[in-house]
Every structure is written in structure tokens, then in C-alpha cells.
Amino acid sequence: MKQRKGKLKAFIKKHKLLTAVIAIVLIIAIVATGFLIKGKKANEAGYSFIRTTTLAKGTLEDTVSTTGTVKSAKSSNVTTNLNYTVKSIEVAVGDEVLKGDVICTLDTEELESQIEKEESNLAKTKSSAQSSYNSAKNSYNTAKDNYDAYTSTYNEAKSAYNKAKSLYDKAQSSLSKTQSAYDTALSNYNSAGAKYVTALTDYNSALSKYKSSSTSSNKAKLLTAARAYMKAVQNYYGKCTKGSYDISDSSSSASASGMGDNTKNADTNTNTNTSSSVTVSATADDICNGVITSVKNLTGTTLSRPSGTNTLYRLAKKAESLRSAKEICNYSSIESSYTSAKTAYNEAKQTRSQYKNEMSQAKEQLEKAKEELENASTSDNLDDLKSQLEECSLKAEQDGTVTALNATVGSSVSMDNAVATIQDLDNLTVSITIEEADINNVEIGMTCRVTSDASDTALSGTLTQISPVSNEGSFSATVTIDEQSDDIYIGMNASVDIIVSSNEDVYQVPIDAVGDDNGTSFVYRKTGGSGTDMEFEKVTVKTGDKNDYYIEISSAELNEGDVVRSSADLSEGIETVSSSSSDSESSGGLFAGLFGGKGGGDMPQGGMPNSGGSSSSSGGFSPPDMQNGPPSNGNSGEKDG
């Protein structure tokens with residue numbers, strides 16, 4: 001009942017003119033009824049009829065009806081974040097504009113003065129930076145020229161070094177076996193010399209201790225030290241005769257000896273030295289004989305003379321072979337050339353590296369000066385001021401019509417207030433709400449019918465947006481109007497029927513007209529009689545779509561023009577009304593003329609089809625013919641004959 005009351009309210013809102021006419025007629029009818037009741041009670045008579053519906057094919061629609069406000073599909077505000085006064089206004093309300101057209105300009109005198117001052121400061125900074133850059137560039141070019149010029153000197157030194165090194169490496173390769181043999185002999189000689197020095201020290205120490213205390217222990221130590229010393233002498237000198245032995249690998253070498261001492265033999269006064277030759281003053285046998293004699297004189301023990309490896313003699317022979325090989329391949333000259341080329345190359349490399357470092361430092365200074373010059377060529381503050389200057393011409397952001405203008409010449413503007421509003425008047429929408437009860441029956445893309453009080457023409461629309469969030473029991477939605485009309489304007493109230501379903505060329509009857517007999521649907525078709533004496537037959541039908549009031553039926557037995565009882569319940573659907581000599585003068589006659597005949601028709605209780613609000617309803621409403629008694633077709637009733 002609440003839903004139907006809502007539909008009636010919406011219907012009244014949508015059909016204001018029709019509602020006004022009905023209200024006036026009702027008032028007249030009520031007044032007239034009062035007079036007629038008083039004057040004609042004696043002449044009153046009653047009659048009864050059964051409500052019926054005459055079959056005629058038409059369109060059955062199930063719709064959700066609602067109301068809303070017409071808006072522009074595309075709207076934009078002309079705004080600015082600047083705070084200047086308006087210098088000129090280029091448009092008026094109602095003017096059509098294109099995107100980019102100037103709406104108004106702001107006074108830029110103060111802004112232009114700031115730009116001029118900033119440009120002057122920037123020019124000075126740029127001039128100073130340019131001077132620094134030019135100086136850094138000259139320094140870099142000089143350093144680069146020095147580096148490039150010396151590169152040829154460096155390359156020549158490198159080439160000479162590589163050539164000398166190649167010859168040196170070749171000579172080294174040819175001498176490798178002889179050099180290796182010499183190196184081995186030298187290592188053995190140095191090792192034997194080191195052991196000789198150690199053995200001599202131990203022998204002298206043991207000799208001194210024994211002389212101080214001739215104990216058996218000191219004697220044993222002396223004998224051991226004497227044997228070790230003689231063995232070291234034999235390994236060091238071997239069977240070398242007296243004389244000088246050249247152990248150097250080159251006539252220019254200082255020394256190849258690894259002994260590193262000038263040890264004086266305690267018994268023989270034989271000296272060893274670090275020159276390239278070793279002088280043998282006493283043979284190994286002479287030294288050993290002296291040790292044997294000393295030990296025998298002191299301890300009475302006769303020691304035997306050991307043999308040795310003769311490392312000095314062996315080294316001298318290997319040195320002689322190496323010197324001979326070097327002379328054959330001119331090694332000394334090759335080595336000297338290599339050493340000189342290497343020294344020259346290293347010096348050239350060092351000089352070139354110095355030039356390179358100077359060039360790198362100059363390049364760093366040049367890049368720094370370049371960056372400073374680039375920074376001096378721009379100014380964020382100047383760019384901001386110029387950007388503001390461009391923004392002082394406020395332009396339209398879309399094609400459309402100026403619908404509001406909130407500025408005057410000399411007035412200040414700010415970002416809080418839009419200077420103008422531009423709307424597209426050719427593409428309109430209707431902003432509506434859909435009740436929760438209907439939200440699951442609609443979906444985006446459904447066809448809509450849009451009407452307004454300003455026009456009797458219904459416009460086609462499409463449901464293009466539905467909010468996913470409920471707001472106090474309803475959902476906001478948008479209907480896009482698909483056709484243009486000169487009768488509808490932004491801000492108007494409009495009624496919208498969202499067509500949930502539509503079946504054309506079908507029979508439709510009131511829902512109550514269809515009965516159910518164990519799952520089989522049927523209607524009562526009139527076969528004869530009139531008034532309350534009408535006769536009907538049961539006809540099986542198949543039902544289809546329906547709305548709140550009507551349902552689709554089909555049957556091979558039904559034909560257009562057949563009269564069907566409006567209620568399948570035989571105990572209902574009979575109406576009794578009072579009448580006078582002129583039905584049209586009574587309140588009942590007037591009311592029946594507007595709403596389907598005396599006492600009835602099939603007008604749903606509490607409202608009319610397609611009444612306003614957001615609710616499901618049948619198709620569009622057409623008032624029945626204004627005539628005495630019930631209408632003879634459509635949702636009708638036949639009065640008692």
C-alpha cells in the first residue's frame with residue numbers, strides 16, 4: 001500500500017496539468033452531488049455490472065519509474081589559482097565557445113614588471129658564467145693540445161722500448177740454459193759459503209772452550225766442530241788450487257758471491273771477499289791439515305780429512321761458460337740498449353700521465369663551468385612568472401555554452417570561485433535515484449523514456465551509470481538522453497521510465513483475470529448475456545511477462561475483440577453503483593468517465609499505471625474515453641442491461 005501511495009504521488013508530480021483538471025472536476029462533482037442527492041433521492045435507481053476487458057494486441061512494458069534533474073553530460077568551470085583583478089571579459093552568458101577560447105583576461109602590469117626585473121638579473125648572472133666558461137674552455141684546450149702533442153713522443157719511446165725488450169728477451173731465451181746452470185751453481189756456492197761461516201764460528205768457539213777447560217765433554221764438542229768445519233771447507237773450496245777464481249756472469253758485474261763477509265781464517269789467514277773473483281790463499285787440504293794438527297796437539301786425537309763438493313770451482317766454470325755465451329750474442333750491448341729504452345719509456349709514460357691529469361682536471365673545471373652557465377641561462381622563478389602570465393588569459397577547457405559568468409571588470413578573482421561555467425547543451429543527462437526495491441531489476445544499458453512538464457514529447461535515453469553505494473535507501477544513477485530537443489533544458493525536472501522489459505503485439509489482461517486450476521492458467525471469455533447475467537466459458541491460456549498490473553496471455557482459442565472477465569474469481573468483479581436519469585451529471589458518472597467507467601474498469605487500487613516515484617509499473621497511461629457509463633473496450637465493465 002505504501003508503494004502504491006508513492007506511485008500516486010509521483011504520478012501527480014509528473015502529470016501536474018492532468019491532476020489539476022481531475023481535481024477541479026472532482027470538486028465540481030462533489031458540489032453537484034450534494035445538490036443532486038438532496039433534490040433527486042426519489043428518482044434514484046441502482047444498477048450492477050461485471051468488469052471485463054476487451055482483448056486487443058499491444059505492448060506490455062515493465063518499467064521502473066522515477067524523477068530527476070536534467071544536467072549537462074559535460075561541464076567545466078573556468079578557474080584560476082592566481083589572485084589578480086579582471087582586465088577584460090570576452091564572452092557573455094549564452095555565448096557558444098570552443099575549447100581554448102579566451103573567456104577573460106587579468107591585469108598583468110605588476111606581473112610584467114617582476115618578469116622584466118628577473119630577466120635583467122638573469123642576464124648579469126649568465127654573462128659572468130659565460131666568462132668563466134670561456135676561460136675554462138681555453139685551459140682545457142691548452143691541456144689537451146699538450147697531451148696530444150706529447151703522445152707522439154710517448155709512442156716513439158714505447159716503440160723503442162718494445163723493440164729493445166724483444167731483442168733482450170731473445171738473448172735471455174738463448175742464454176736460459178747456461179744462465180740456469182750458473183744460477184744453480186751460484187746458489188750452491190752461496191749455501192756452502194754460509195755453512196762454512198757457521199762451521200768456522202762453531203769450531204773457533206769449541207776450540208776456545210776446550211783450551212779453557214779440557215773436559216771430555218768439551219773435547220767431544222771440539223772434535224765434532226772440527227769435523228764439521230773441515231767438511232764445510234771441502235764443500236766450499238774443494239780441490240781448488242791457490243789463486244783467483246772469477247765467479248761473475250759478466251765482466252762488468254760487481255759480485256756474484258752470496259757470502260757477504262770478509263771472514264779471516266783463524267789458522268791460515270785465508271781471506272774470502274765479495275768481489276767478482278775469489279782468491280784462494282790456502283787450499284782446502286792445507287786448512288784441513290792445520291785443523292788436524294791443532295786437534296791432535298791439543299787432544300791427542302787424529303782426525304781424518306774429508307772430501308767435498310768443491311762449489312767454488314764449479315761456480316767459476318759455470319760463470320766462464322755464461323760469460324762466453326754472452327759475448328757471442330753481444331748480450332752486454334743488448335742489455336744496455338734495453339735498460340736505456342726502458343728508462344726512456346718510463347719517463348715518457350710518467351710525463352704523459354702528468355699531461356693527462358692536467359687535461360682531466362681542466363675538463364672537470366670546464367664541465368663545472370658549463371653546468372653553471374646552463375643554470376645561469378634558466379630561472380625557475382622566471383619560468384613561474386611567465387607561466388603565470390600565460391595563465392592570465394583564462395580559457396575554455398571544452399566546447400560548449402557559457403551558462404554562468406561570475407566576474408566583472410575590476411573585480412578580483414581567486415581559486416575559490418569559478419569565473420565561468422561552460423556546459424554542453426547538446427548532450428544532456430538526467431540525474432536520478434533508484435529505490436532499493438528496484439535496484440536488482442535494472443542494469444546499465446537499459447533503454448529509458450524521458451518526459452518533462454515542458455513537453456509532451458518523450459525522449460529516448462539510456463541508463464549509463466549506477467552508483468554501487470546506497471544512500472539512505474536509494475542509489476544515484478545517470479540517464480543519458482540519446483536525442484536532442486529544444487523543449488528540455490538544464491535544471492529542469494524530468495520523469496524517467498526505465499524499461500525493464502517490453503513485449504510487442506501481445507494480449508494483456510489484469511493479473512486478477514487469470515485463474516489457476518491445478519497449475520493450468522485460464523481466463524473466462526464472454527459467450528453472451530449482459531450486466532450481471534453475462535455468460536462466460538473457461539479458456540486455457542499460457543501466461544508470459546507481467547508487470548504490477550497486467551500479464552501477457554496467449555491461446556489459439558482467443559481472438560482480438562474477445563471480452564474477458566476482469567476477475568477469474570466469480571465472487572468478485574461485480575460492481576454496483578447508483579444512477580439518476582443522467583449518468584453524466586452524477587459524481588459517479590464524472591469519475592467513471594475519467595477513470596474507466598462507473599464503479600470500475602480495472603484501475604488498480606491506490607494509483608494509476610506508470611505513476612511517478614521509483615517503482616515497477618505497466619506501460620504508459622491513456623485515459624479512457626469520456627462517456628456515460630463504463631467504457632466499452634480496453635479495461636472495461638458492462639452495466640446491467
task: Taking atom CD of Glu443 as the centre, report whether more than 12 heavy atoms of other residues, nucleotides or ligands fall under 6.0 Å from it.
output: no
field: Pair Glu436, Ser470: side-chain N/O donor-acceptor within cut-off below 3.5 Å
entry: yes
task: Indicate whether the side chain of Asn346 and that of Gln350 have a donor and an acceptor atom separated by less than 3.5 Å.
output: no
message: Just by distance, no angles: are the side chains of Thr311 and Asn188 close enough, under 3.5 Å, to form a donor-acceptor pair?
response: no
query: Side-chain donor-acceptor pair under 3.5 Å between Asp285 and Gln234, yes or no?
result: yes
message: So, applying side-chain hydrogen bond (donor to acceptor under 3.5 Å, both in side chains) with Asp482, which one of Thr447, Thr464, Thr462 is it?
response: Thr462
- prompt: Of the non-hydrogen atoms in Ala418 and Thr79, which two are nearest, and what is the gap between them?
  reply: CA-CG2, 3.9 Å
statement: Paired with Tyr355, the ring pair (Phe, Tyr, Trp, His ring centres under 6.0 Å) test is passed by just one of Tyr150, Tyr147, Tyr154, namely Tyr150
field: Gln179 and Asp183 side chains, donor-acceptor separation under 3.5 Å
entry: yes
- line: Here the pair of heavy atoms bringing Tyr210 nearest to Thr215 is CE1-O, 3.8 Å
field: Non-hydrogen side-chain atoms of Glu335 and Thr339 separated by less than 4.5 Å
entry: yes
- prompt: Okay, side chain of Asp399, backbone of Lys99: is any donor-acceptor separation there less than 3.5 Å?
  reply: yes
field: Nearest atoms (heavy-atom pairs only) where Val78 meets Ile422
entry: CG2-CD1, 3.9 Å
message: Under 3.5 Å, is there a donor on one side chain and an acceptor on the other for Ser88 and Thr105?
response: yes
- prompt: So which heavy atom on Ala228 is nearest to which on Ala199, and how close?
  reply: O-CB, 3.9 Å
statement: What one should report as the nearest heavy-atom pair of Thr401 and Gly94 is CG2-O, 3.5 Å
Side chain to side chain, Asp246 and Ser276, heavy atoms closer than 4.5 Å: yes
field: Minimal non-hydrogen separation, Ala164 against Ala341, with atom names
entry: CB-CB, 3.7 Å
task: Using the test side-chain hydrogen bond (donor to acceptor under 3.5 Å, both in side chains), find all partners of Ser321 that sit at least two apart in sequence or belong to another chain.
output: none
- prompt: If you measure only the distance, is there a donor-acceptor pair under 3.5 Å linking the side chains of Thr279 and Ser244?
  reply: yes
